[in-house]
Number of protein chains: 2
Amino acid sequence: MTDHAHTVNVFEEVMARLRGADQRFTPARRELVTTLLAAAGPLSITEILAVTEKIPQSSIYRNLAVLESAGVVARIMSTDEFARFELAEALIGHHHHLLCQVCGAMSDVTIPHEIETQLDTTLNKLAIANGFALEHHRLDLVGKCSKCL
Amino acid sequence: MTDHAHTVNVFEEVMARLRGADQRFTPARRELVTTLLAAAGPLSITEILAVTEKIPQSSIYRNLAVLESAGVVARIMSTDEFARFELAEALIGHHHHLLCQVCGAMSDVTIPHEIETQLDTTLNKLAIANGFALEHHRLDLVGKCSKCL
DNA sequence: ATGAGTGCAAAGGCTTTGCATTAGG
DNA sequence: CCTAATGCAAAGCCTTTGCACTCAT
């Protein structure tokens with residue numbers, strides 16, 4: 001997620017979404033978006049704090065909440081207690097996660113389009129059969145990352 | 001997960017696993033297993049409390065922790081803050097979840113074997129390509145359940 | 001008797017909120 | 001100027017832990 005051509009579009013899109021939600025694109029929010037954009041996967045508050053040391057924790061929480069309600073950021077839970085944050089899929093594309101059970105790190109991965117498409121087809125049928133209105137799916141690979149092997 | 005023939009095996013397996021972990025199968029633990037077995041999906045502490053009203057919250061937490069370390073129960077996080085608990089897949093089989101964004105309920109579903117197999121193949125390749133030791137995967141369908149439509 | 005399990009209450013840790021201050025439009 | 005955003009500290013909420021009591025072996 002470090003492609004520069006995309007980066008420009010991401011920032012424009014973020015600005016548009018914040019405007020649409022009557023919210024400003026403040027320096028703190030810009031730094032949060034930059035941090036999430038540079039990350040290899042969803043970040044915990046602790047990880048975000050380590051990078052953006054000048055922003056107080058409460059501001060991080062509050063701004064992430066604003067960004068989330070503006071559709072810029074997605075908040076996800078992994079296996080542990082604390083939340084992780086990433087840019088919304090509308091901004092960085094649909095993807096999945098490698099979740100390390102040892103260090104807790106999450107990193108982004110994508111699966112081949114054909115598999116994704118076939119999976120979607122199957123899941124849609126499954127949803128219909130259960131009277132469920134499917135909006136999206138979440139697929140995580142759980143195991144040990146290369147650093148923890 | 002209410003098939004009686006399986007129920008017997010589940011209880012035997014639970015007893016075996018608790019014995020293996022040097023833990024007793026106390027009435028409270030039996031009631032927790034029964035509750036989880038009867039559920040249509042993973043339950044939150046609140047939901048468990050509503051069913052097993054006589055067991056204090058701390059005992060529920062403590063017993064679920066014992067059951068988890070004995071490999072009987074799995075603790076999972078959905079989108080909200082609080083944990084949910086279900087019987088381990090070794091006991092009730094591999095499955096996925098329908099996750100309602102409105103009421104937060106999770107219910108179990110299975111996908112066709114062929115799709116599951118093909119998905120496993122793909123994910124294994126993906127894991128190898130990323131130097132990741134894959135242990136298992138988690139697939140959730142996120143949307144609105146039939147009650148919340 | 002002896003250690004595991006239980007139950008109540010207090011403490012922990014991540015997250016949210018109140019309120020006075022600051023800054024952007 | 002005036003509202004939104006900020007920063008610090010206090011409060012909330014789910015969860016864990018301490019400690020004395022009870023029960024089964």
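Here is the naming used below: chain letters follow the sequence lines, and residue numbers restart at 1 for every chain.
- Cluster partners of Leu126(B), by chain and number: Leu98(A), Val109(A), Ile111(A), Ile115(A), Leu119(A), Leu123(A), Leu126(A), Phe132(A), Leu134(A), Leu139(A), Leu141(A), Leu98(B), Val109(B), Ile111(B), Ile115(B), Leu119(B), Leu123(B), Phe132(B), Leu134(B), Leu139(B), Leu141(B). The rule joins Ile, Leu, Val, Met, Phe, Trp and Tyr whenever side-chain heavy atoms lie under 4.5 Å apart.
- Among residues two or more places apart in sequence or in another chain, the salt bridge (Lys or Arg N to Asp or Glu O under 4.0 Å) test is passed with Arg24(A) by none.
- Within the 3.5 Å criterion, the main-chain N or O of Ile55(A) finds no donor-acceptor partner in the side chain of Ser59(A).
- Comparing Arg24(B) and Ser58(B) against DNA chain C, the residue whose closest nucleotide sits nearer the 5' end is Arg24(B).
- In this structure, CZ of Arg62(A) is placed 12 Å from C1' of dT21(C), rounded to the nearest angstrom.
- Contacts of residues 64-71 of chain B with DNA chain D (heavy atom under 4.0 Å): none.
- In the 5' to 3' direction, nucleotides of DNA chain D lying under 4.0 Å from heavy atoms of chain B begin and end at dC14(D) to dC19(D).
- A donor-acceptor pair shorter than 3.5 Å can be found between the side chains of His97(B) and Asp108(B).
- Rounding to whole angstrom units, CD of residue Gln57(A) and P of dG13(C) are separated by 13 Å.
- Atom-to-atom, CD1 of Ile55(B) to P of dG7(C) comes out at 8 Å; the value is rounded to the nearest Å.
- For the residue pair Glu89(B) and His136(B), no side-chain donor N or O sits within less than 3.5 Å of a side-chain acceptor on the partner.
- Between the side chain of Ser44(B) and the main chain of Glu47(B), a donor-acceptor pair closer than 3.5 Å is present.
- For the OP1/OP2 pair of dT6(C) and a distance below 4.0 Å, the side-chain nitrogens and oxygens of Ser59(B) include no atom meeting the criterion.
- Residues satisfying the side-chain contact (heavy atoms from CB on, under 4.5 Å) test with Ala70(B), not counting sequence neighbours, are Leu18(B), Ala21(B), Val72(B).
- To the nearest 0.5 Å, atoms CD (Glu13(B)) and CG (Leu91(B)) are separated by 5.5 Å.
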> Hey, mind stepping through Arg138(A) and Glu86(A) against salt bridge (charged side-chain N to carboxylate O under 4.0 Å, His left out) and telling me if it holds?
Replying inline: CA-CA 14 Å; Arg138(A) 284 190 48 179; Glu86(A) 66 179 359; over 6 Å; no
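- The distance between atom NZ of Lys54(A) and atom C1' of dT22(C), rounded to the nearest whole Å, is 18 Å.
- Between the side chain of Arg19(A) and the base of dG25(C) there is no donor-acceptor pair of N/O atoms closer than 3.5 Å.
- Within residues 74-89 of chain A, the residues having any heavy atom closer than 4.0 Å to DNA chain D are, in order of number, Glu81(A).
- Residue Thr26(B) has no polar side-chain atom (N or O) positioned under 4.0 Å from OP1 or OP2 of dA4(C).
- Residue Arg29(B) places no side-chain atom within donor-acceptor reach of the base of dG5(C), judged by atom type and a 3.5 Å distance cut-off alone.
- The closest side-chain donor-acceptor pair between Glu116(B) and His96(B) falls under 3.5 angstrom.
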> Hey, mind stepping through Glu81(B) and Arg75(A) against salt bridge (charged side-chain N to carboxylate O under 4.0 Å, His left out) and telling me if it holds?
Replying inline: CA-CA 11 Å; Glu81(B) 298 314 279; Arg75(A) 174 196 175 123; 2.5 Å; yes
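- For Asn63(B) and dG5(C), the shortest distance from a side-chain N or O to OP1 or OP2 is not below 4.0 Å.
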